[in-house]
Amino acid sequence: MSDMPTPDELFARPFFFCGIGGSGMLPLAQILKGRGCTVEGSDRSHDQGRTPDKFAALEQQGFTLHPQDGSGIASAGQILVASAAVEDTVPDAKRAKELGCLRLTRAELNSILFNTSGAGLAVAGTSGKSTVTGMLGWILHACGREPTIMNGAVMKNFVSPERPYASAVVGGQSLYVSEVDESDGSIALYRPAVGVLLNVSLDHKSMEELRQLFGDYLSRSRISVINADDPEALALLPHAKEVVTFGIEQEKAQIGVVPGSIAEGPMRQAALVIDRHDGSEHALTLDLPGRHNLSNALAAIAGAAAAGIPVAKAVAALAGFAGLARRFDIIGTSASAITVIDDFGHNPEKCAATLRTLKAHPGRVLAFFQPHGYGPLRQMGEELAETFARELGDGDRVILCDPVYFGGSVDRSEGSERIVRLIEEAGGHAEHIPTREAVGDRLAEIAQPGDRIVIMGARDDTLSGFARGLFDRLP
């Protein structure tokens, strides 16, 4: 990025997104297009005929899509936006290099948009980022602040027939709300006016690296919003300049919950939020279940307070928050009282949060998990198996199909069979069924009234269609 043009020069040039349908790419493409930029792109999924609805919607919004064969890169003036993982041998990247095109990663482009806005509001942490970004964006939108929102998930409040994949909102340039990622170290690129820190736990990097990254992030933030219930996050408080804390358990948290006020249901919850700055109490209703989502709501309220939104207004706005696609997304409950839930759970922490939410209420859980690759399964397989065995009970069932494989040279010697064996050894009940179609048949066969079927996995948009198709088969 040494010969980087100024932001004005940058945004005057045409952009080409390699992998435009990706969850991190699509919202950025939408934001640039909404600001008047020329945006074209390619995607391997488009070439392979996967998720045709998504690409049809993009074309209807005016995006020009090309095959991923380099033909869309036609001039040196184009800016190639590609994940750091896209190799130089990919035709688009190869052609861009031949022409001398400027290449930006998703995070580099997002950080430029973020840092050149009036005020950037960042949401960081190992889990919960997309939900809190959606909540915070919705609060600011509902309060008339016209934020631009960059999210890795579709926000149901902003979905319309014209914008079915609303993972971005193009608002004004004074407020830019975005999740920021520590897994690739790109969190270091952002200079937040408000920096939210949800939690710090082992995922892609060592704890030492994470403490360094998140500590530096807080030191760059004008106001830090820190989860007082998370010991690792709280330990980084000395790095912060000005602080707003939130928490359910910690009685000293500035944005908290009145003890004994939490009422939990299987699909929604309520609580009294206390603003300890002035002692005022505000009745919160949330159309999302689970203690982790109550914590997410407090994070969004605290983040909004740091941006000047009164707590009462933030709490009131959250009553209208519709949630995110694929985040405990209830597809429906059949006539025979079987509920199907579509969920993004793909690492041990996210799976545990979803399973705990389900197990807080009566009914058997049938969990289908589709691993999002052989590599991740090898890396976190033991913790994943332990999570399923620990969180689920005797009557519950886990089914794993084979990991998603889109080609390449990855080692495929260890797959889902190993995880099933580990779950069984830890006292759980699991089955390995190689294909997703056969999994659907099995779930439809064993489901009983009162069951909750949860479809879990990441990086595969077709899981939502699978969940809807399964629901349509239930009595």
(Q) Could you go through Q269 and N293, starting from their C-alpha distance and side-chain angles, then the distance that decides it, and tell me whether this counts as side-chain hydrogen bond (donor to acceptor under 3.5 Å, both in side chains)? (A) CA-CA 9 Å; Q269 60 187 311; N293 277 321; over 6 Å; no
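- Within the structure, ring-ring contact (aromatic ring centres under 6.0 Å, His included) contacts touching residues 71-105 (residues at least two apart or in different chains) do not occur.
- More than 12 non-hydrogen atoms from other residues, nucleotides or ligands lie less than 6.0 angstrom from CD of E98.
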Q.
I'd like to know whether Q60 forms a side-chain contact (heavy atoms from CB on, under 4.5 Å) with E162, so could you lay out the CA-CA distance, the side-chain angles of the two residues, the decisive distance to 0.1 Å, and finally the verdict.
A. CA-CA 8 Å; Q60 280 176 339; E162 300 75 39; over 6 Å; no
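- Residues satisfying the side-chain hydrogen bond (donor to acceptor under 3.5 Å, both in side chains) criterion with E431, sequence neighbours excluded, are R442.
- Taking T133 as the reference, nothing meets the side-chain hydrogen bond (donor to acceptor under 3.5 Å, both in side chains) condition, with sequence neighbours excluded.
- Residues meeting the side-chain contact (heavy atoms from CB on, under 4.5 Å) test with T339, sequence neighbours left out: M267, I330, T333, I341, R452.
- Screening residues 455-475 for ring-ring contact (aromatic ring centres under 6.0 Å, His included), with sequence neighbours left out, gives F368-F466.
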Output a table of donor-acceptor pairs, distance under 3.5 Å, between side-chain atoms of residues 215-222 and any protein atom two or more places apart or on a different chain; print 'none' if there are none.
| from | atom 1 | to | atom 2 | distance (Å) |
| --- | --- | --- | --- | --- |
| D216 | OD1 | Q212 | NE2 | 3.4 |
| D216 | OD2 | Q212 | NE2 | 3.2 |
| Y217 | OH | A122 | O | 3.2 |
| Y217 | OH | V196 | N | 3.0 |
| Y217 | OH | V196 | O | 2.9 |
| S219 | OG | D216 | O | 2.7 |
| R220 | NE | Y190 | O | 2.8 |
| R220 | NH1 | D216 | O | 3.4 |
| R220 | NH2 | I187 | O | 2.9 |
| S221 | OG | Y217 | O | 2.9 |

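- Listed by chain and residue number, nothing satisfies the side-chain hydrogen bond (donor to acceptor under 3.5 Å, both in side chains) test with D47 (two or more places apart in sequence, or in another chain).
- Between the side chain of E349 and the main chain of S127, no donor-acceptor pair closer than 3.5 Å is present.
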Tell me which donor-acceptor pairs under 3.5 Å the side chains of residues 14-38 have, and how far apart each pair is, sequence neighbours excluded?
| from | atom 1 | to | atom 2 | distance (Å) |
| --- | --- | --- | --- | --- |
| Q30 | OE1 | R163 | NH2 | 3.3 |
| Q30 | NE2 | Y165 | O | 3.2 |
| R35 | NH2 | T148 | OG1 | 3.4 |

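- Electrostatic pairing of K156 and D287 does not count as a salt bridge here, judged by no charged N lying under 4.0 Å from a carboxylate O.
- Among all heavy-atom pairs drawn from S178 and Y176, the shortest one is CB-CE2, 3.8 Å.
- The side-chain contact (heavy atoms from CB on, under 4.5 Å) test applied to P434 returns D402, H432, not counting sequence neighbours.
- Residues in residues 466-475 take part in these side-chain hydrogen bond (donor to acceptor under 3.5 Å, both in side chains) pairs, two or more places apart or across chains: D441-R473.
- The side-chain hydrogen bond (donor to acceptor under 3.5 Å, both in side chains) test applied to S334 returns S336, not counting sequence neighbours.
- Of all non-hydrogen atoms in I419 and G381, the two that sit nearest each other are CD1-CA, 3.5 Å.
- Summarising the local packing, CD of E445 is surrounded by more than 12 heavy atoms from other residues, nucleotides or ligands at distances under 6.0 Å.
- Side chain of D88 to backbone of K94: no donor-acceptor contact under 3.5 angstrom is found.
- Of all the heavy atoms in Y374 and G415, the pair that sits closest is CE2-CA, 4.1 Å.
- Of all non-hydrogen atoms in I73 and L80, the two that sit nearest each other are CD1-CD1, 4.0 Å.
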Side-chain donor/acceptor pairs under 3.5 Å, residues 134-146, sequence neighbours excluded:
| from | atom 1 | to | atom 2 | distance (Å) |
| --- | --- | --- | --- | --- |
| W138 | NE1 | A317 | O | 2.9 |
| R145 | NH1 | A307 | O | 3.1 |
| R145 | NH2 | A307 | O | 3.3 |

